[in-house]
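Written out below as structure tokens is the structure these notes cover.
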Amino acid sequence: MRVIWNGGTLTFRLDADDELTGHAADGYPVKLRTNSCTVHGVPADAHPDLFAVAAWSIVAPWTRRRIVFDRAISSELAAALHEGWGVEAGPVSGTPRRTGSVLAISYSGGADSVAAAAIHPDAPFVHFRRVPHPRVPNRWTHYRSDVLAKLAARTGRELTVVDSDLEFTLAEPRPGYPEHHAVAVGALLLADRMDLGGLAFGYELGSRWLGGDRYLLRYTPDNPMWAPHGAWGRLFAAAGVHIVLPVGGVSEAVTMRLALESPLKDVVRWCLRGVDGPCRTCGKCLYKELIQAAVERRPLDTPITPKRPVARKWQEPPPYGGQEMIEYGCARVPGIEEGVFGKAAGHLKATEESTAWLDRCYPPALAEIPSPWRDTVEKFMIDNVGLMTPEQARRVEEWGA
């Protein structure tokens with residue numbers, strides 16, 4: 001793979017042994033559509049290691065043996081690429097980037113992201129906004145990135161919106177991030193100007209430790225995407241921008257509660273389709289409605305019936321993606337046995353006691369927070385959530401066994 005940055009436009013060329021269909025870090029197949037994309041507002045003087053990590057978050061799935069950048073990277077970054085992916089990276093020269101002092105939040109506007117913002121009330125936001133690609137038709141026009149950006153602006157927090165068409169590099173499965181970390185390209189390229197030393201993501205217990213949906217569906221302490229000792233964690237650290245997961249030890253029930261109690265509660269939006277509010281008809285709306293109803297101890301409020309395609313998977317036996325939260329919701333929502341999750345509730349037979357561990361914080365997640373921000377997260381969790389007992393922590397560690 002060869003990559004060239006021309007301002008904020010990235011162009012890449014595959015080597016003979018690279019492939020059009022590759023795999024993201026979670027093993028999911030991704031097919032290449034086009035070999036260029038643009039990240040708007042890129043400073044020309046960003047450290048070469050930052051340009052390299054930003055490029056790698058886009059081209060990693062299709063790169064097999066080597067990557068040649070258009071500017072020399074540090075030996076530390078080259079080593080992280082080799083240790084994590086087995087690729088030879090170069091040219092190599094110069095010094096690594098100094099780790100900054102500021103923590104920013106990769107802000108999506110969803111409940112998990114808002115919960116992370118509640119823990120770090122002074123952290124600036126960096127928000128990724130999808131924009132059209134000049135050569136690739138947008139066949140996913142219902143994704144309202146404009147709405148999400150407007151809601152981010154209403155938070156009143158220090159905000160940088162980064163526009164990019166990089167999601168259109170994918171032909172399949174649909175427009176999306178080649179790697180989950182590509183959402184950070186703007187923050188990476190602005191890291192010098194913002195003095196970033198850490199970037200906080202809203203990934204929670206299910207994403208970090210349990211897998212879910214398209215992931216591993218089991219306890220994953222060595223999660224390749226989010227473990228600090230994993231390939232991506234080491235790569236970001238080598239570029240002086242640590243991955244920080246403030247809510248990595250708590251469930252989506254906790255992040256939902258924290259978001260609804262937050263000053264930002266009126267701008268929380270997890271649905272990517274609605275204009276004046278959530279669409280209420282997509283699968284994500286149904287899933288989040290189950291969690292919100294469980295947190296608020298009320299019946300489900302959804303127009304979706306068991307016969308709708310988005311509800312089909314809940315009419316089948318488990319396992320389910322995000323199953324820990326399905327169990328949590330089925331144990332707490334009044335009248336659950338009569339609605340769209342009725343059959344799932346019958347299969348799971350979850351109780352409040354069996355899911356009580358999902359109301360607490362998994363202590364090993366706190367030890368993963370880089371030291372400049374660990375005390376803040378730990379104090380918040382102790383004061384507002386509480387820590388899991390050893391027995392509850394074992395529920396995490398036996399998940400999927």
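Along the sequence shown, residues are numbered consecutively beginning with 1.
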For [X], look at atom [atom1] and say whether over 12 heavy atoms of other residues, nucleotides or ligands are found less than 6.0 Å away.
X: I4; atom1: CD1; value: no
X: R374; atom1: CZ; value: yes
X: N6; atom1: CG; value: no

Query raised in the report: Taking the six-membered ring for Trp, is the centroid-to-centroid distance between H181 and W226 below 6.0 Å?
Result: yes
Query raised in the report: Excluding sequence neighbours, so at least two apart, what forms ring pair (Phe, Tyr, Trp, His ring centres under 6.0 Å) with F69?
Result: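 Counting only residues at least two positions away or on another chain, F69 forms no ring pair (Phe, Tyr, Trp, His ring centres under 6.0 Å).
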Query raised in the report: Residues two or more places apart in sequence or in another chain: which of them pass ring pair (Phe, Tyr, Trp, His ring centres under 6.0 Å) with F51?
Result: W5
For [X], which residues count as a side-chain contact (heavy atoms from CB on, under 4.5 Å) partner, sequence neighbours excluded?
X: D146; answer: R144
X: A293; answer: E289, R298, L300, V333
X: L20; answer: L14, L32
X: L272; answer: Y143, L148

Requested in this report: In plain terms, say whether R65 and D18 are close enough for a salt bridge, that is, a side-chain N and a carboxylate O under 4.0 Å apart.
Outcome: no
Query raised in the report: Would you call D15 and R64 a salt bridge, using N to O less than 4.0 angstrom?
Result: no
Report task. Scan side-chain atoms only and decide if S74 and D49 contain a donor-acceptor pair under the 3.5 Å cut-off. Result ->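 S74 vs D49: donor-acceptor pair found between side chains.
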Query raised in the report: With distance as the sole criterion, is a donor-acceptor pair present between the side chains of Y287 and E252 under 3.5 Å?
Result: yes
Output the distance between atom [atom1] ([X]) and atom [atom2] ([Y]), rounded to the nearest 0.5 Å.
X: R234; Y: I243; atom1: CZ; atom2: CD1; value: 11.0 Å
X: L210; Y: M325; atom1: CG; atom2: CE; value: 10.5 Å
X: L166; Y: F168; atom1: CG; atom2: CZ; value: 10.0 Å

Report task. If a pair satisfies ring-ring contact (aromatic ring centres under 6.0 Å, His included) and one of its residues is in residues 296-317, list it, with sequence neighbours excluded. Result -> W314-Y320, W314-F341
Query raised in the report: Which ring-ring contact (aromatic ring centres under 6.0 Å, His included) pairs, counting each pair once, include a residue from residues 370-401, with sequence neighbours left out?
Result: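 For residues 370-401: W357-W399.
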Please report the closest heavy-atom contact between [X] and [Y], naming both atoms and the distance.
X: E179; Y: P61; result: OE2-CG, 3.8 Å
X: V92; Y: A78; result: CG2-CB, 3.8 Å
X: A54; Y: V185; result: O-CG1, 3.7 Å

Close side-chain approach of [X] to [Y], heavy-atom, < 4.5 Å:
X: F201; Y: S207; result: no
X: P318; Y: L348; result: yes
X: T169; Y: R33; result: no

Give me each pair satisfying side-chain hydrogen bond (donor to acceptor under 3.5 Å, both in side chains) with a member in [range], each pair once, sequence neighbours excluded.
range: residues 152-161; answer: none
range: residues 256-267; answer: R257-E261
range: residues 339-356; answer: R297-E352, R332-T355, T351-S354

Quick one: side chains of residues 128-135, donor-acceptor pairs under 3.5 Å with protein atoms, not counting sequence neighbours, listed by atom name and distance.
residue: R129; atom: NE; partner: D163; partner atom: OD1; Å: 2.7
residue: R129; atom: NH2; partner: D163; partner atom: OD1; Å: 3.1
residue: R129; atom: NH2; partner: D163; partner atom: OD2; Å: 3.2
residue: R130; atom: NE; partner: E167; partner atom: OE1; Å: 2.9
residue: R130; atom: NH2; partner: E167; partner atom: OE2; Å: 3.1
residue: R130; atom: NH2; partner: P175; partner atom: O; Å: 3.4
residue: H133; atom: ND1; partner: R135; partner atom: N; Å: 3.0
residue: H133; atom: NE2; partner: S36; partner atom: O; Å: 2.9
residue: R135; atom: NH1; partner: S36; partner atom: OG; Å: 3.2
residue: R135; atom: NH2; partner: T34; partner atom: OG1; Å: 2.7
residue: R135; atom: NH2; partner: S36; partner atom: OG; Å: 2.9

